[in-house]
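Below, chain A is the first sequence line, B the second, and so on; all start at residue 1.
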Amino acid sequence: MATDTETQTPGRFGSFGGRFAPETLMAALTELDRAYEDARADSSFQDELQELERTFVGRPTPLYFARNLSERFGARIYLKREDLAHTGAHKINNAVGQGLLARRMGKGRIIAETGAGQHGVATATVCAKLGLECVVYMGEVDMERQALNVFRMELLGAEVQPVSSGTATLKDAINEAFRDWVANVESSYYLIGSVVGMHPYPTMVRDFQSVIGREARAQMLGETGSLPDYVVACVGGGSNAMGIFHPFANDASVELVGVEAGGRGSGLGEHAATLVYGVPGVLHGARTYVLQDEHGQIVGTHSVSAGLDYPGVGPEHSHYKESGRATYVAVDDAEALEAFQTLSHAEGIIPALESAHAVAHALKMAEGEAAGKTILINLSGRGDKDVTQVRDILRGTA
Amino acid sequence: MTIVNRLDRTFERARGEGRAVLMPYLTAGYPSPEAFVDLATDILESGGDVLEIGIPFSDPLLDGVSIQDSQQQALDAGTTPADCLTYAVELHTRSGKPLIFMGAYNPILSYGIDRFCRASKEAGVAALIVPDVPFEEQGELLAGTEEHGLHLIQLLAPTSTDARVEAVCARASGFVYCISLVGITGARASVAATARPLVERVRRYTDVPVIVGFGISGPAQVRKVAEFADGVIVASKLIDVIRDAPEDRRTETARTFIGELRDAVQGTAVSPE
């Protein structure tokens, strides 16, 4: 990655990305960029990161051959078990990396936003471990559907700030986190949870999450002697997908498939499938696909899964879409709920509702274009956080 | 490229009168689409030299609760960028004072940069302020504003390094907008201590007028800022005053408030050239 001077256009992925930030943050973004480049090149930083990944996060996470699913659906299906990482999802990979960076930069206060609560929990966990103050912004709608994660964050010593503005979901939590950062930029570190936002966040978060793909690629080669035909991952902001896609990006034989939240229909506001239904725009500091109305206003989204409920997407995914390196599809709420149960029954693994979107599409592929082929699914998180909600939906009491 | 329009003549005139320029801000479509143009006219007639018209956006990252709520209210009432252009035409016809659009990038991109700049110029708008498009990302926007003779206003903040101040000032057109404090918009109890040093740093690199905004809330603060800046922006506090006034007294309240602010800039020492 190129380092930038203060006045060049930084962090582009094709025509996407960039740094559409208010002037107040520009010096801090430049400082962050330099600090990250320094840390990347510093073996003591990398050693500490790897040590924490091994002993605190529980890496490497296993690669699991889903034998029952494979026999039933007709493809060789492998799961990369990010659900087994500490705190129950891939989010911890990025939180550990950025937490170490924040401490190295001498920032004692961490700001984060969260949708499903997984990034908030991961950040609160890392802050507890590293002795950093932690403030997490969360939409009131999400706080209600993920009440257990709110308590978990508080237990870890974080302050959870409810956000009632706009749609009271992830996008508004990000807005509030940005506002906090603008006001406290000199003392605070904004620990963004996905491959979104202004440069260097999309690159940095991708790098910290790429451990998923590096491990999975080596594990596939080790266990099967070859690369998978398909890599499938769910996409909200897109960090678990970019984390597993990126190390396969130069493997031309591997098809990369991102699965977005199709919600309850294709109309604006009924889904969160930004790459499938959106158009290029600028949101949260990056030029990327967004869901907007005909006047350029960002619209509300719907998904059964709080973690995918976001009207933007990481700019590198927009680039992958435009370049054709990855394809993006939508899976609706009902299909995700079915896959949630299928994986639970067939393999004894309860997936996060987010990850269930990827499972649902992979199973469709297995019965069609991918019959007899090898599919690697990123099982980005476990479903413990979702069981109450799914119970209520299945009982018809939601 | 040098652009000269009625905004520049306003600064010249104020300088001749030995005072700073008063630049109130009002969100387009606030307090309602029906009331906006009349209220904006009152603001200009009662002492506003230049009106900053806020183009409402669903996700205003740099704004505090007052402006956020005014924008949401305007959006809920159906205000669009096309409406903002219509309002500008009407205000331009009525008052002839300079108008500035301030808003987020995405609605402008959605409208089309060139199309929006052309329409703004035709509507009598003198300048654009787009705070989420910093120096590094201005290429496309600048092509549009220069093509259509609009100033693209540069913003600087207390956190801007000297190297950035120098680079940004080299592109200054119309005026430089100094963000007085490290934070979001919203009325504050006093003028931030960071305002004056920033203005002084900016003056080292440019001769264009230097304007201060963010957090400035009443006549005393306006007077204080006018002692070291060429103009003062009052935004959130004006929204607060309008929001808190009974509907039948809104016009009178806004006119009185603007009149007090205007008195505060009268006879202020303009910084030495």
Side-chain angles (χ1 to χ4, degrees), chain A residues 4-12 15 17-31 164-167 171-172 174-187 198-199 279-288 290-300 311-312, chain B residues 55-65 68-69 71-72 75 78-83 103-112 116 130-140 154-161 163-168 170-171 177-179 181-186 214:
Chain A
D4 339 291
T5 68
E6 287 186 56
T7 51
Q8 284 171 345
T9 305
R12 289 282 172 175
S15 63
R19 189 179 274 167
F20 293 87
E23 177 63 25
T24 308
L25 293 180
M26 293 304 282
L29 288 163
T30 303
E31 180 197 356
S164 59
S165 60
T167 58
K171 121 184 136 67
D172 308 285
I174 294 178
N175 292 347
E176 279 306 317
F178 264 119
R179 289 176 189 131
D180 182 324
W181 196 35
V182 169
N184 298 293
V185 62
E186 284 145 326
S187 63
M198 49 282 272
H199 178 71
V279 294
V282 168
L283 177 64
H284 294 146
R287 189 176 177 99
T288 190
V290 297
L291 291 171
Q292 62 177 27
D293 68 15
E294 71 270 35
H295 305 297
Q297 306 297 343
I298 307 303
V299 297
Chain B
I55 301 171
F57 183 50
S58 53
D59 295 80
L61 285 185
L62 205 51
D63 286 308
V65 172
Q68 276 179 50
D69 288 352
Q71 298 206 356
Q72 194 57 52
L75 289 175
T79 308
T80 66
D83 293 333
Y105 197 25
N106 200 57
I108 296 173
L109 277 176
S110 171
Y111 196 93
F116 185 79
V130 191
D132 61 340
V133 184
F135 182 83
E136 289 82 345
E137 302 287 358
Q138 286 172 354
E140 288 175 89
Q154 302 294 332
L155 294 99
L156 284 163
T159 50
S160 305
T161 59
R164 286 191 67 81
V165 171
E166 182 172 11
V168 168
R171 196 184 280 171
Y177 188 143
C178 287
I179 297 171
L181 47 81
V182 180
I184 57 176
T185 62
F214 277 51

Toward chain A, the part of [X] with a non-hydrogen atom under 4.5 Å:
{"X": "B:Tyr105", "result": "side chain"}
{"X": "B:Gln68", "result": "side chain"}
{"X": "B:Asp69", "result": "neither"}

Of the listed residues ([options]), which shares the most heavy-atom pairs with chain A below a 4.5 Å separation?
{"options": "B:Pro158, B:Pro134, B:Gly139", "answer": "B:Pro134"}
{"options": "B:Gly64, B:Pro131, B:Ala82, B:Ala104", "answer": "B:Pro131"}
{"options": "B:Ile184, B:Asp59, B:Val130", "answer": "B:Asp59"}
{"options": "B:Val133, B:Asn106, B:Thr159", "answer": "B:Asn106"}

### Message
If we ignore hydrogens and angles and just use 3.5 Å, is the side chain of B:Asp132 paired with the main-chain N or O of A:Pro22 as donor and acceptor?
### Response
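Side chain of B:Asp132 to backbone of A:Pro22, a donor-acceptor pair under 3.5 Å: no, none is there.
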### Message
Quick check against the 3.5 Å criterion: does A:Arg19 have a side-chain atom that pairs as donor or acceptor with the backbone of A:His199?
### Response
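Such a contact is found between A:Arg19 side chain and A:His199 backbone.
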Side chain proximity check, [X] to [Y], heavy atoms < 4.5 angstrom:
{"X": "A:Gln297", "Y": "B:Leu75", "answer": "yes"}
{"X": "A:Gln292", "Y": "B:Ser110", "answer": "yes"}
{"X": "B:Tyr111", "Y": "B:Thr80", "answer": "no"}

### Task
Could you look at A:Ser165 and say if it's the side chain, the backbone, both or neither that has a heavy atom under 4.5 Å from chain B?
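Looking at A:Ser165, just its side chain touches chain B.
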### Query
Tell me, side chain or backbone of A:Glu294 under 4.5 Å from chain B's heavy atoms, or both, or neither?
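The answer is the backbone of A:Glu294.
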### Query
Is A:Arg287 positioned over the aromatic face of A:Phe20, cation under 6.0 angstrom from the ring centre and no more than 45 degrees off axis?
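Verdict for A:Phe20: no cation-pi partner in A:Arg287.
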### Task
Only one of B:Leu62, B:Ile179, B:Val168 passes side chain to side chain contact (heavy atoms under 4.5 Å, CB included) with B:Leu155; say which it is.
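Only one option passes, and that is B:Ile179.
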